[in-house]
Enquirer: 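Dropping the structure in here first, questions after.
In this text, all values refer to a predicted model and were calculated from it rather than measured experimentally. Heavy-atom basis, side chains included; hydrogens, waters and symmetry copies ignored.
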Amino acid sequence: MLTYPSGIDLSSSTLRYLSGLLAARRREHGTRWRRLAADRQALLVLAHLRCGHTYAQLAAGFGIGLATVYRYIVEAVEVLAALAPTLQQAMTVAACKAYVILDGTLLSIDRIAADRPYYSGKHKRHGMNVQVIADASGRLLWASPALPGVVHDIKAARTHGIIEALTEADVRTWADKGYQGALGTTRVPYRGRWSTLPTGMRAVNSSHARIRAVGEQANATLKSWRLLRKLRCSTTRITDIVKGVLALHLAPSA
C-alpha cells in the first residue's frame, strides 16, 4: 500500500492531552515496551477518529500490524470514554445556561436491510440514535449513549432519563416535534399543518425553529469527527466511541 504524509485538523494541545492520558495508562499498567510511543499512538487514534482512516490505512502509515492498530484504538477509546461527563454532570453545566437545546441525531452504520432494529424510518437508513444537548450558542454539552435507529427521539430521551434530569435541574429546554409529550421544562412547537394554524401559533413556531436551528451546530460538531459519519464497527462499541469523541471535544486543553 502506498503511504503519504497527511494532516489532521486538530490542535497540538489535543494530541498532548491524549498522549498524556495514554502515557499515564502505560505507567499504571507497568508497560515497558510498545511498538509506538504514547504520542504516536495518540496520533494514530486521532487520525482514526477525526479523519475516519481505516485500520489497514493506519497499519500501513505507522508500520505496524492490524491487530496492534485495533488494540491501540480500543485502549484509547476506553480511556477517553471513562472521562466523558455523565448526564448529571452535564446538568450542572446546563443549569448555568439561559436554556439548552435537545435534539437527536442518527449516526449512520454499515448494516444490511435485514437489520430492522437499526433502520430509522425518519431518516430512511440504518443507524444509531444519539441524543445531543447544546447550549444557546450551539456548543455541544453532552451526547447520550447510542440506541438502535428504530428508537424515536422521545423514547430515547426517556430511556436515558434526559427529560427528568432537565426538569429536576429546572433547565428550560427547546426541542422539536419529535419530543411531543415530554412535558416538564421541555418546550416543543405547536402541532398541525402550517396553513391551518392561527397566526399567533405560527409566530411561536417560527421563533421556536430559529432557536432550535442553532442546536444543529452541536450535531455538526459531533460529526466533524468523520468516523461518526459512517461507522463500520460493532454496534456495541459505538457508545464508547461517542463518549470518547465527547471527552476530546470537552477536554480542557483542546
Side-chain angles (χ1 to χ4, degrees), residues 48-55 77 87 100-134 138-163 166 173-183 186-197 201-202 205-246 249:
H48 179 64
L49 296 177
R50 187 69 174 187
C51 304
H53 291 168
T54 65
Y55 294 165
V77 168
L87 179 58
V100 299
I101 302 165
L102 173 63
D103 195 13
T105 189
L106 189 79
L107 302 181
S108 295
I109 61 174
D110 185 17
R111 284 294 181 274
I112 60 175
D115 293 326
R116 300 301 298 177
Y118 299 100
Y119 185 78
S120 169
K122 175 182 177 182
H123 298 276
K124 308 300 181 186
R125 64 179 186 270
H126 293 83
M128 300 293 283
N129 181 305
V130 172
Q131 299 294 297
V132 175
I133 297 178
R139 289 186 291 264
L140 177 63
L141 299 180
W142 184 76
S144 75
L147 292 175
V150 72
V151 179
H152 296 289
D153 285 338
I154 181 61
K155 182 176 180 180
R158 285 172 172 162
T159 299
H160 299 308
I162 299 172
I163 304 300
L166 290 166
T173 308
W174 302 86
D176 62 27
K177 292 180 181 179
Y179 297 88
Q180 290 285 348
L183 302 178
T186 302
R187 299 291 178 263
V188 298
Y190 289 108
R191 298 184 66 179
R193 292 179 179 274
W194 179 264
S195 58
T196 62
L197 289 176
M201 289 185 177
R202 291 186 189 181
N205 280 6
S206 294
S207 175
H208 201 287
R210 285 194 296 271
I211 293 173
R212 294 198 325 271
V214 179
E216 291 296 331
Q217 296 178 26
N219 291 338
T221 296
L222 201 61
K223 292 181 180 179
S224 65
W225 297 81
R226 295 174 186 83
L227 181 68
L228 297 182
R229 297 179 188 176
K230 184 70 172 182
L231 288 153
R232 294 177 173 83
C233 62
S234 168
T235 55
T236 60
R237 293 185 54 216
I238 294 177
T239 289
D240 276 354
I241 291 174
V242 172
K243 287 183 176 181
V245 166
L246 180 64
H249 175 70

Enquirer: Can you name the residues that form a salt bridge (Lys or Arg N to Asp or Glu O under 4.0 Å) with R187, not counting sequence neighbours?
Expert: none
Enquirer: Would K124 and Y119 satisfy side chain to side chain contact (heavy atoms under 4.5 Å, CB included), going step by step from the backbone distance to the final call?
Expert: CA-CA 7 Å; K124 308 300 181 186; Y119 185 78; 3.8 Å; yes
Enquirer: Around H152, counting heavy atoms of other residues, nucleotides and ligands shown, do more than 12 lie under 6.0 Å from its NE2?
Expert: no
Enquirer: Please name all residues satisfying salt bridge (Lys or Arg N to Asp or Glu O under 4.0 Å) with R139, sequence neighbours left out, ordered by chain then number.
Expert: D135
Enquirer: Do D153 and K122 touch side chain to side chain, with heavy atoms closer than 4.5 Å?
Expert: yes
Enquirer: Applying side-chain hydrogen bond (donor to acceptor under 3.5 Å, both in side chains), name anything that partners R158, two or more places apart in sequence or on another chain.
Expert: none
Enquirer: Sequence neighbours left out, what passes salt bridge (Lys or Arg N to Asp or Glu O under 4.0 Å) with R226? Give chain and number order.
Expert: D9
Enquirer: Among residues at least two apart in sequence or on other chains, which ones pass side-chain hydrogen bond (donor to acceptor under 3.5 Å, both in side chains) with T54?
Expert: Q57
Enquirer: Sequence neighbours left out, what passes side chain to side chain contact (heavy atoms under 4.5 Å, CB included) with R210? Give chain and number order.
Expert: S206, S207
Enquirer: Taking only residues two or more places apart in sequence or in another chain, which ones pass ring-ring contact (aromatic ring centres under 6.0 Å, His included) with H53?
Expert: none
Enquirer: side-chain hydrogen bond (donor to acceptor under 3.5 Å, both in side chains) with T105: which residues, sequence neighbours excluded?
Expert: K223
Enquirer: Mind checking what makes side chain to side chain contact (heavy atoms under 4.5 Å, CB included) contact with Q217, not counting sequence neighbours?
Expert: V214
Enquirer: Would you call D103 and D176 a side-chain contact if the rule is heavy atoms closer than 4.5 Å?
Expert: yes
Enquirer: List in chain and number order the residues that pass side chain to side chain contact (heavy atoms under 4.5 Å, CB included) with S224, two or more places apart in sequence or in another chain; answer none if no residue qualifies.
Expert: R50
Enquirer: Extract all donor-acceptor atom pairs below 3.5 Å that involve side chains of residues 236-244 and protein atoms in other chains or at least two apart in sequence.
Expert:
from: T236; atom 1: OG1; to: S234; atom 2: OG; distance (Å): 2.8
from: R237; atom 1: NH1; to: Y55; atom 2: OH; distance (Å): 3.3
from: T239; atom 1: OG1; to: A146; atom 2: N; distance (Å): 3.0

Enquirer: Applying side-chain hydrogen bond (donor to acceptor under 3.5 Å, both in side chains), can you list everything that pairs with T221, at least two apart in sequence or on another chain?
Expert: none
